[in-house]
There are 2 protein chains.
Amino acid sequence: MTTALPSPRVLPHPTRDEIRLESVLHALSDPVRMRIVSELADAEAVLSCSRFDLPVSKSTTTHHFRVLRESGVVQQVYEGTAKMNGLRRDDLDALFPGLLDALLTAARHQGARDAL
Amino acid sequence: MTTALPSPRVLPHPTRDEIRLESVLHALSDPVRMRIVSELADAEAVLSCSRFDLPVSKSTTTHHFRVLRESGVVQQVYEGTAKMNGLRRDDLDALFPGLLDALLTAARHQGARDAL
DNA sequence: ACCGTACTACGACGGCTATCGTACGAGTCG
DNA sequence: CGACTCGTACGATAGCCGTCGTAGTACGGT
């Protein structure tokens, strides 16, 4: 039987035109979230939340993924029990050409500096 | 006559290697501050604080300029009663190549979209 | 039916932030 | 000196944010 209730198995995303630069920058101004995005970009694939080894609790992880989704940086889809995450590269590149790549490069450079 | 003492009129800035990507992104995630930076980039010059027409009080303006300075985005120097602000383009470009331009372009694009 | 895994919802807590007004200091010009 | 401009400091306030733990739901396998 199909559940009558509107089970929130579908996650709300901003459309492309609803994505705001401020929100994207705010989302990426947290190191944990920037790390998620970097790993996602490196993987060039869709990853489940649990594939990330983050220095925070599970609740906090959920929170960070939601911020990334609501700001339009990632797309999330349920696949069984897992929630798969993908970078919204097309939308971001269309809206802010070159920005994502510059951010990823910047994060990588800073990571290299910190490792010294 | 040249002042002998390092007067308290000198403002603390982060050195180039102290500039953090997170801090820069956080600084730019506020619309008022992004606007300041955009105007500064357009002017390609050093501007006094009062040259900006911002939708906030004077206290708040001071606050925003301090955030920009402490994050390493702008440089501030007293010149008489005025405080002159300059974009730290060299440092930012050296640390995060292409990032500043991508951000400025993104802000301009979004501004154009909003104007419709 | 049961259990384990994956993620969420909720409430709490401490800290930061954007905002303001008022009062003040520093410099310039008459 | 006095008046004026530019910017600061301080205190207050309201709201958001990152963090957590606990309790709970959804799904898949045994």
Side-chain angles (χ1 to χ4, degrees), chain A residues 1-13 20 22-37 46-71 73-86, chain B residues 1-3 5-13 20 22-37 40 46-71 73-86:
Chain A
M1 148 180 185
T2 56
T3 45
L5 282 182
S7 68
R9 296 271 83 195
V10 173
L11 300 153
H13 290 77
R20 303 290 309 169
E22 314 88 86
S23 307
V24 171
L25 295 184
H26 170 249
L28 265 23
S29 72
D30 183 290
V32 175
R33 291 193 290 258
M34 182 49 115
R35 178 164 155 182
I36 292 174
V37 171
V46 168
L47 297 179
S48 76
C49 291
S50 53
R51 293 276 285 267
F52 296 84
D53 185 30
L54 301 173
V56 293
S57 78
K58 227 148 55 124
S59 316
T60 307
T61 300
T62 297
H63 164 69
H64 284 310
F65 274 105
R66 181 170 48 223
V67 172
L68 287 171
R69 169 170 48 82
E70 290 179 346
S71 65
V73 177
V74 306
Q75 197 193 16
Q76 298 190 298
V77 176
Y78 279 105
E79 207 156 291
T81 69
K83 192 160 77 171
M84 306 306 287
N85 301 273
Chain B
M1 150 182 178
T2 56
T3 46
L5 282 182
S7 70
R9 304 259 77 200
V10 173
L11 300 151
H13 290 77
R20 303 291 307 171
E22 313 88 84
S23 307
V24 171
L25 295 183
H26 171 249
L28 265 24
S29 71
D30 183 290
V32 175
R33 292 193 289 260
M34 182 48 118
R35 178 165 155 180
I36 291 174
V37 170
L40 220 39
V46 167
L47 296 180
S48 75
C49 292
S50 54
R51 292 275 286 266
F52 296 84
D53 185 32
L54 302 173
V56 293
S57 76
K58 230 161 34 142
S59 316
T60 307
T61 300
T62 297
H63 163 69
H64 284 310
F65 274 105
R66 181 171 48 224
V67 172
L68 286 172
R69 171 170 47 82
E70 290 179 347
S71 65
V73 176
V74 306
Q75 197 193 16
Q76 297 190 298
V77 176
Y78 279 107
E79 208 158 291
T81 70
K83 192 159 79 170
M84 307 306 289
N85 302 272

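Chain naming here is simple, since letters A, B, ... match the order of the sequence lines and numbering starts at 1 in each.
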Rounded to the nearest 0.5 Å, how far apart are [atom1] of [X] and [atom2] of [Y]?
{"X": "A:His64", "Y": "A:Arg35", "atom1": "NE2", "atom2": "CZ", "answer": "11.0 Å"}
{"X": "A:Ser71", "Y": "A:Arg66", "atom1": "OG", "atom2": "CZ", "answer": "12.0 Å"}
{"X": "A:Leu11", "Y": "A:Phe65", "atom1": "CG", "atom2": "CZ", "answer": "12.5 Å"}

Indicate, with a heavy-atom threshold strictly under 4.0 Å, whether [X] touches base, sugar-phosphate, or nothing.
{"X": "A:Thr62", "answer": "base"}
{"X": "A:Ser48", "answer": "sugar-phosphate"}
{"X": "A:His64", "answer": "sugar-phosphate"}
{"X": "B:Ser59", "answer": "base"}
{"X": "A:Arg33", "answer": "sugar-phosphate"}

Checklist outcome for this item: Between A:Ser29 and A:Glu79, the residue closer to the 5' end of DNA chain D by nearest nucleotide is A:Ser29
Checklist entry - For A:Val32 and A:Gly80, take the nucleotide of DNA chain D holding the closest heavy atom to each; which residue's nucleotide lies nearer the 5' end? => result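 Whichever sits nearer the 5' end wins; that is A:Val32.
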Can you tell me how far [atom2] of [N] sits from [atom1] of [X], to the nearest Å?
{"X": "A:Lys58", "N": "C:dA9", "atom1": "NZ", "atom2": "P", "result": "14 Å"}
{"X": "A:Arg9", "N": "C:dA6", "atom1": "CZ", "atom2": "P", "result": "14 Å"}
{"X": "B:His63", "N": "D:dG7", "atom1": "NE2", "atom2": "P", "result": "17 Å"}
{"X": "B:Glu70", "N": "C:dC16", "atom1": "CD", "atom2": "C1'", "result": "13 Å"}
{"X": "B:Leu25", "N": "C:dT17", "atom1": "CG", "atom2": "C1'", "result": "17 Å"}
{"X": "A:Gln76", "N": "D:dA26", "atom1": "CD", "atom2": "P", "result": "18 Å"}
{"X": "B:Met34", "N": "C:dA18", "atom1": "CE", "atom2": "C1'", "result": "18 Å"}
{"X": "A:Met84", "N": "C:dC7", "atom1": "CE", "atom2": "C1'", "result": "13 Å"}

Between [options], which one does the side chain of [X] approach most closely?
{"X": "A:Ser57", "options": "C:dA9, D:dA9, D:dC20", "result": "D:dC20"}
{"X": "A:Tyr78", "options": "C:dC7, D:dG7, D:dG18", "result": "C:dC7"}
{"X": "B:Thr81", "options": "C:dT19, C:dG27, D:dC20", "result": "C:dG27"}
{"X": "B:His26", "options": "C:dT17, C:dA9, C:dC7", "result": "C:dT17"}
{"X": "A:Thr60", "options": "D:dC6, C:dT19, D:dC20", "result": "D:dC20"}

Next on the checklist: Tell me if the side-chain of B:Lys83 makes a donor-acceptor pair with the base of D:dG7, cut-off 3.5 Å, by modelled atom types.
Outcome noted: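 No, the side chain and the base share no sub-3.5 Å donor-acceptor pair.
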Next on the checklist: Please tell me if B:Arg66 has a side-chain N or O lying less than 4.0 Å from either OP1 or OP2 of D:dA9.
Outcome noted: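 Affirmative; the distance criterion is met.
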Item to check | From CA spacing to verdict: side chain to side chain contact (heavy atoms under 4.5 Å, CB included), A:Leu25, B:Met34 | outcome: CA-CA 11 Å; A:Leu25 295 184; B:Met34 182 48 118; 4.1 Å; yes
Checklist entry - Which atom pair, heavy atoms only, marks the closest approach of A:Pro31 to B:Glu22? => result CG-CG, 3.7 Å
Checklist entry - Has the side chain of A:Asn85 got a donor or acceptor atom that lies under 3.5 Å from a matching backbone atom of A:Gln76? => result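 Answer holds: no.
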